[in-house]
Amino acid sequence: MKRTNVNKIAGVSLKIFGASVWAGISLFPLLFSLLSSFKNNTSIYRAPFSLPEKLTWENYRYAVDSTILLRGMWNSLVYSVLAIALIILMALLVSYAYRIRVKGYKFIFLFFIAGMALPIHAMLVPLASIINQLNLRNTLGGIVCVYAATNLSLAVFLANGYMKGISMELDEAAVMDGGGHLRILFQILLPLMKPVIATISIMTFLKVYNDLIFSMLLISDKRKATMSSALMAFKSEYDINYGGTFAAICISVLPIILIYVVFQKQIESGLAAGSVKG
Amino acid sequence: MKRQAKLACLLQSSAPRSTAAFDTISCSAKRGSVCFYERRGEKVKKNKTGTAIILLFIPVLVYSLFFVYPIGYTVYLSFMKWNGMAGVRKVFVGFQNYRTLFSQAVFRHSLGNAVVFMAVSLLVIFPISFLLALLVSKGTKINSFLRTAYYIPTLLPMAATGMMWMFMLAYNGGAVNEILGFFGFPPHDWLGDTRGAIWVVALVNAWMYIGSNMLIFVTGITNVPSDILEAAIVDGADPLQRIIHITIPNMKETFKVFLTSAIAGSVKVFDIIYVMTDGGPGTATDVPATLMYDQAFLSGRFGYASSIGVFIIFLSLLITFALNFFLDEKEESGRGTEKLQRRGKL
C-alpha cells in the first residue's frame, strides 16, 4: 500500500513537472518579447534578462507612430472580415446546392473540397501573373478573393457537414409556405448554422490575419500592406530597432490572443474538425 | 445512399405514406418557384440546372479563378521557358525544366531539408504533443489553462514567431546563448551554421505546431470509448497499461491524420524559412517552396520555378494518397469520408 502511494506521488509530480516545463517553453518567447519591448537596444544586447530600468513606453510609441504597423493591422482586419463574409456566402451556397441535390452535386462537393489537399504555395508563381493581368495588384478585391478562394475548401467541408444535420422538414415547411431557395437558405438555414459559421469565421480569421505570403506577393503599396508585411519591414531595416520590433510583435499578437481567450471553444472544435487539413 | 434519397424527398420524410397527388399539391403550392425535391425513383425536375447556376456561379468563379486555374497554370508553365514579363513569349521546352531540376544539387539539398522537417515531426512533435495531450486531456480548469498556454505558439503570426526566435537565437546577446552561457556552454551561431541551421528552424517549427497537434490528440483521446476504459479499470489495468493497450490502439484514425498532415506538410514548408533564414546561409536552409519563390521572383525563371511547384503538388498528393491507402487497412471504402463528415458536424 505504501509503495503505491510513493509511486502515485512520483507520478503526479512528474506530470506537474512536465506540464509546467512545456508551459514555460511555450510562453517564454512571448514573455521575453514583452520584457524586451520595454528596454532599449543596448540593454537588450548586453543583458537580455535584466529587468527594464524604468517602465518606458518609448518603444511602443515608436512602433505606433513611426511605422505602418497599426495601418497594417487595420488592413489585415479589413481583409479578414471581407474574406470571411465572402467565404461564408460561398460555403452556404455550395452546401445548399448539395442539399437540394443539383446535378452532379457529389462532383461539385469534391471539386470544392479538393483544395484541402492542394498546397497553396505551389500556385504562387502563376497567381502573381494572373493578378497582374487582371489589374488586381494592390487592390482590396484581388487579395480578398485570393484569401477567400484559398480558404474556401475547409469552410465548404464544415458547412456541408453541418447542413446535413439539419432536418429537411424545415425546408419542406418553407416550401409549403411558398418560400424560394434564397429564403430557405438565408432565413431558415442560416440562423440555424450559427455555430459552424462562428467556427469558420474564426478559423478563417486566424489564417488571413496571420497570412504572410500572399500579402508579400500581391501587395506592394505600403498603405495597403498587411500586419505581417508591416512586421517584416522591421526586419529589413538596416539598423534594427530591437526594442521597437519587440513592441511591434507584442502589439500585433494582442488581438489574436484576445480572440483565442474569448473563442477558445470554437477554435478547439474547429481545429479538431479541420485537422484533416495539413 | 438510402438515407439521402429519403432526405431528398420532400414528402417521404414529412408524411411517409403520402400519395402522388399530395406531391403535386406541394409543388404547385410553391407558386411558380422551382420544385427541386426528388421522389424515390421518379424525378420531379423543373429548371434545376438554372438554380444550380445561380447558386454556384460566384463560388465556382472565385474558387476557379484564384485557386484551381493558377494550379493548372503552374503545370502549363512548367513546360515553358518564360521570364515572367507579360509581353515576353513563352517558349515550349518540354521536360527541360524537370531535367534541370533533378540535376541540380541545390534542389536535392532542399529535398533533404524537407526530410529534416519530416524527421522532426516524427521524433519531436509527435512524442511531445502526444504526452502533453495525455497530461491535459481531462477537462479541469488547470488543464484548460495549460491547453491555452500550449496552443498559443500555434496562434501567433508566423512573421512574429519567426522574428522572436531569430532575435532569441542571435549569436550576440541572443537569449538562447545567454541561457546556455549561464550553464557554461560556449555561444553558438544557431542560424548561421550551414549544417545545423535547418534543424534549428525545424525545431522552432515544432515549437509552433506541438500545440495544435496536442489539441488534435486531445480530441482523439476523449473520443476513446469510455466503456472500454472502465472495463480495463475494473480488470485492474494501471494507467500505463490503459494507455498502451486501450488509448493508443483506439487512436489509429488520429495518428493517421497526424502522419498524413505532418509528412505532406513537410514538403510544403515555406513561411518559417522565408521569415527566419530566407534559405540562408547561402542555400543551406532552402526548401523546395523557397527555392521556387527565389527562382521565380528573384531570378525571373518562371518556367523552372513552376516545375518546382508541380513537383511540390505531386509529392504532397502522392504522400497523402499513399499514406491513406497504406494506413487504411481494413476499413471499407467510403467510411473514411463518412467519419470526416461526422467530425465536420462538430
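In what follows, chains are A, B, ... by sequence order, proteins preceding strands, each numbered from 1.
- Considering every non-hydrogen atom in both A:A19 and B:Y150, the closest pair reads O-OH, 2.6 Å.
- Counting heavy-atom pairs under 4.5 Å between each of A:L136, A:V102, A:L124, A:V125 and chain B puts A:V125 at the top.
- Neither the backbone nor the side chain of A:I87 comes within less than 4.5 Å of any heavy atom in chain B.
- Between atom OG1 of residue B:T148 and atom CD1 of residue A:I257 there is a gap of 10.5 Å, rounded to the nearest 0.5 Å.
- Across every non-hydrogen atom of B:F66 and A:M123, the tightest pair is O-CE, 3.6 Å.
- Using a 4.5 Å cut-off between heavy atoms, A:S229 does not touch chain B at all.
- Proximity to chain B (any heavy atom under 4.5 Å) is restricted, for A:A128, to the side chain, taken from C-beta onward.
- Residues passing the side chain to side chain contact (heavy atoms under 4.5 Å, CB included) test with B:T222: none are found, sequence neighbours excluded.
- Inter-residue side-chain proximity for B:P157 and A:L212 is flagged as unmet; no heavy-atom pair is nearer than 4.5 Å.
- Heavy atoms only, all atoms of each residue included: A:P29 and B:W207 are closest at CG-CZ2, 3.4 Å.
- When heavy atoms are compared at a cutoff of 4.5 Å, A:I108 approaches chain B solely by way of its side chain, counted from C-beta outward.
- Between A:F111 and B:Y63, the ring-plane angle classifies as perpendicular under the 30° and 60° cut-offs.
- For the atom pair CD (A:Q264) and CG (B:L215), the distance works out to 8.5 Å, reported to the nearest 0.5 Å.
- With a threshold of 4.5 angstrom between heavy atoms, A:L30 approaches chain B through its backbone and through its side chain.
- Looking only at distances, a side-chain donor or acceptor of A:N210 sits under 3.5 Å from a matching main-chain atom of B:L155.
- Chosen from B:I308, B:L56, B:I312, the residue pairing most often with chain A at heavy-atom distances under 4.5 Å is B:L56.
- Both the backbone and the side chain of A:I25 come within contact range of chain B, each with at least one heavy atom under 4.5 Å from a heavy atom of that chain.
- When heavy atoms are compared at a cutoff of 4.5 Å, B:M208 does not approach chain A at all.
- The contact between A:F246 and chain B is made entirely by side chain atoms (from C-beta outward), counting heavy-atom distances below 4.5 Å.
- Looking at A:L231, the atoms closer than 4.5 Å to chain B (heavy atoms on both sides) sit in the backbone and in the side chain alike.
- Put simply, of B:Y151, B:W165, B:Y274, the one with the most heavy-atom pairs under 4.5 Å next to chain A is B:Y151.
- A:S129 touches chain B through its side chain: at least one heavy atom from C-beta onward sits under 4.5 Å away, while N, CA, C and O do not.
- Using a 4.5 Å heavy-atom cutoff, the side chains of B:F57 and A:L93 are not in contact.
- Across every non-hydrogen atom of B:A160 and A:S252, the tightest pair is CB-OG, 4.3 Å.
- With sequence neighbours excluded, the residues forming a ring-ring contact (aromatic ring centres under 6.0 Å, His included) with A:Y242 are B:F167, listed by chain and number.
- Contact record, A:A117 with B:L317: O-CD2, 3.7 Å, taken as the closest heavy-atom pair.
- Contact check for A:I120 versus B:F67: side-chain heavy atoms found under the 4.5 Å cut-off.
- The candidate from A:Y209, A:F28, A:F112 with the greatest count of non-hydrogen atom pairs under 4.5 Å with chain B is A:F112.
- Residue A:F32 holds its CZ atom at 8.0 Å from CD1 of B:I179, rounded to the nearest 0.5 Å.
- Of all heavy-atom pairs spanning B:M292 and A:H121, the tightest one is CE-O, 2.9 Å.
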